[in-house]
Amino acid sequence: MEQKGRGVGLVLFPCPLQGHINPMLQLASILYSNGFSIIIIHTQFNSPKSSNYPHFTFIPIPDGISDVLDSISDGFAFLSFFNVNRAVPLRDCLLRLLSDGAKEAERIACIISDSVMHFTQGVADSLKLPRLALRVSSTASFLAFTAFPVLRLKGYRPVSDSELETEVSELPPLRVKDLPAYNMDNIEKECQFVGSMVNHVKPSSGVILNTFHHLEESELAKFGQEVPIPIFTIGPFHKLFPASSSSLLSQDRSCITWLDTQPPNSVIYVSFGSVASMDEAEFVEIAWGLANSECPFLWVVRSGLVHGSDRIEPVWPDGLLELMISGGKGCIVKWAPQQEVLAHPAVGGFWTHNGWNSTLESICEGVPMLCRPCFGDQKVIARYVSHVWRVGLHLEINRLEGGEIVRNIRRLMDEKEGEEMRERVASLKEKAEVCVRKGGSSYESLQDLIARILSF
Ligand code: UDP
């Protein structure tokens with residue numbers, strides 16, 4: 001283990017969602033391996049599995065979310081809740097730590113908090129503690145957030161159906177329909193939230209990005225102009241530390257045994273991440289599409305995937321589940337060891353919602369994608385996957401229908417265009433490997449980040 005950070009403590013504060021916890025704990029592991037001591041302050045809701053990180057200190061703070069969880073309708077309301085309510089418990093906890101740290105002769109250099117937890121900037125300022133912001137999504141999606149005020153003036157928030165295909169001249173190659181969207185019923189609140197997030201990154205002591213130079217070169221240059229603070233582009237984090245130990249759900253490894261029985265590049269892996277959900281009709285169309293595709297599939301059907309089935313299993317139409325898995329053609333699990341699945345030689349395609357972690361994990365394993373973004377930054381990412389990096393097909397059909405699904409799975413898995421995407425993503429995979437190696441851009445940026453932390 002490197003010793004550069006010895007005697008220096010770091011406080012990390014993740015946003016309590018799987019797609020945010022994974023990169024924060026990966027970052028914690030990266031910094032720990034450079035000698036820093038790690039303290040994770042976390043909410044009780046979705047608290048990370050501390051037993052998987054015996055060398056970190058975990059401190060829970062009360063979050064009050066369980067009392068209101070039923071009334072929280074979407075991810076946006078969820079994030080807003082934390083930003084409005086958690087400043088006092090976080091500040092109290094930090095105050096205690098700072099006074100204990102002084103006694104124990106280990107200084108706490110800074111807090112690293114998720115950019116969506118924007119209230120943490122005010123808390124850090126009030127304690128004169130430097131804050132580094134962690135952005136867990138793509139650079140392009142952050143640029144889209146910074147453009148919200150202009151987009152609003154141009155009438156793109158809210159948006160009329162006639163403008164959906166319009167190119168957004170400030171953010172090529174995005175169209176109006178690719179812009180991030182969280183809460184179209186309350187544009188005012190949505191813009192306020194996005195504005196607060198952006199405006200609280202700007203006064204931070206630096207921003208850490210889970211991406212790599214080669215992937216988003218021009219977006220990173222623009223980001224540097226928009227947000228003139230130190231930027232540390234040190235991803236993909238999971239190339240250095242896998243996400244499996246920060247999984248909130250237990251990963252069903254039986255799917256790896258099933259993958260072992262399948263020919264190379266033959267299986268389509270289907271997963272929509274930890275939050276996205278769909279209506280029952282769409283779920284059933286996907287099931288029929290997979291059943292009729294003649295392509296072996298591994299599908300993650302987690303509790304809550306179907307609207308209204310939160311924390312319970314979806315109801316399968318009579319006989320459909322049996323048809324899907326008969327003869328070993330398909331495998332369905334509640335939660336998979338995703339990184340290992342994507343790295344498995346049998347997996348030839350990934351039908352994804354384009355969460356940023358899933359997208360990076362797919363790129364880093366050289367797996368082309370079928371993109372079906374649901375909300376938020378996923379639409380921006382899907383557009384980049386299909387139109388900038390050209391390593392995926394964007395399923396842009398309004399209502400999914402079994403026949404279309406079969407056709408697109410074939411395009412990805414069996415046809416020449418899928419083969420070309422596989423070649424392009426293999427080249428990106430190599431570039432990602434070079435970036436994190438000694439001398440690579442992410443490696444060098446990590447050294448800069450360490451120097452920055454030590455300068456606090
Ligand atoms: N994941 C997993 N098992 C699954 C599905 C997802 O371990 O069956 C992990 C995946 O590897 C990724 C994270 O959950 O690291 C999902 O993050 P992402 O940003 O892709 O999507 P989100 O869940 O935030 O929408």
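Quick caveat: nothing in here was measured; it's all calculated off a predicted structure. In each ligand, atom 1 is the first atom listed, and ligand 1 is the first ligand listed.
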Proximal ligand 1 atoms for Gln251, defined as those under 4.0 Å from one of its heavy atoms: 7 (O)
Write down the atom of Leu174, the atom of Arg383, and the distance for their closest heavy-atom approach. CD2-CG, 3.7 Å
Do Ser358 and Gln338 meet the criterion of a side-chain donor-acceptor pair at a distance under 3.5 Å? yes
Sub-4.0 Å atoms of ligand 1 with respect to non-hydrogen atoms of Gln18: 14 (O)
Where do Ser266 and Pro296 come nearest, in terms of heavy atoms and distance? O-CD, 3.4 Å
Arg407/Glu404 under salt bridge (charged side-chain N to carboxylate O under 4.0 Å, His left out): CA gap, chis, key distance, verdict: CA-CA 5 Å; Arg407 203 173 69 75; Glu404 275 293 312; 3.7 Å; yes
Starting from atom 3 (N) of ligand 1, locate the nearest protein heavy atom and write down its residue, its atom name and how far away it is, to 0.1 Å. Ala336 O, 2.6 Å
For atom 1 (N) of ligand 1, the protein heavy atom that lies nearest, with its residue and separation: Trp335 CZ2, 3.3 Å
Taking the six-membered ring for Trp and the full ring for Phe, Tyr or His, determine whether the centres of Phe193 and His118 are under 6.0 Å apart. yes
Just which atoms of ligand 1 are under 4.0 Å from any heavy atom in Val300? 8 (O)
Can you list the ligand 1 atoms lying under 4.0 Å from a non-hydrogen atom of Gly355? 18 (P), 19 (O), 20 (O), 21 (O)
Report the part of Phe237 in contact with ligand 1, treating N, CA, C, O as backbone and CB onward as side chain, heavy atoms under 4.0 Å; options are side chain, backbone, both, neither. neither
Taking Lys329 for its side chain and Ala291 for its backbone only, find out whether a donor-acceptor pair lies under 3.5 Å. yes
Within the 4.0 Å heavy-atom shell around Gly273, which atoms of ligand 1 are there? 23 (O)
Tell me the contacting part of Ser274 for ligand 1: side chain, backbone, both, or neither, using a 4.0 Å heavy-atom threshold, strictly below. both
Taking the six-membered ring for Trp, are Tyr384 and Trp356 closer than 6.0 Å centroid to centroid? no
Counting from 1, what ligand 1 atoms have a heavy atom of Gly19 closer than 4.0 Å? 17 (O), 24 (O)
With ring centroids as reference points, do Phe78 and Phe45 lie under 6.0 angstrom apart? yes
Note: Glu361, heavy atoms under 4.0 Å from ligand 1, region reported as side chain
Top protein contact for atom 20 (O) of ligand 1, by heavy-atom distance: Ser358 OG, 2.5 Å
Does Ser271 come within less than 4.0 Å of ligand 1, judged by its heavy atoms? yes
Which ligand 1 atoms does Trp356 reach within 4.0 Å, using its non-hydrogen atoms? 19 (O)
Ion pair Glu340/Arg253, N-O distance below 4.0 Å: yes
Protein contact of atom 13 (C) of ligand 1 - nearest heavy atom, named by residue and atom, plus distance: Asn22 ND2, 3.5 Å
For ligand 1, does His353 get within less than 4.0 Å through its side chain, its backbone, both, or neither, judged by non-hydrogen atoms? side chain
From the options Asn357, Leu342, Ile21, Asp377, select the one whose nearest heavy atom is closest to atom 18 (P) of ligand 1. Asn357
Looking at CD1 of Ile450 and CD1 of Ile234, how far apart are the two atoms once the value is rounded to the nearest 0.5 Å? 8.5 Å
Where on His238 is there a heavy atom closer than 4.0 Å to ligand 1, on the side chain, on the backbone, on both, or on neither? neither
For Arg390, is there an ion pair with Glu423 - N to carboxylate O distance below 4.0 angstrom? no
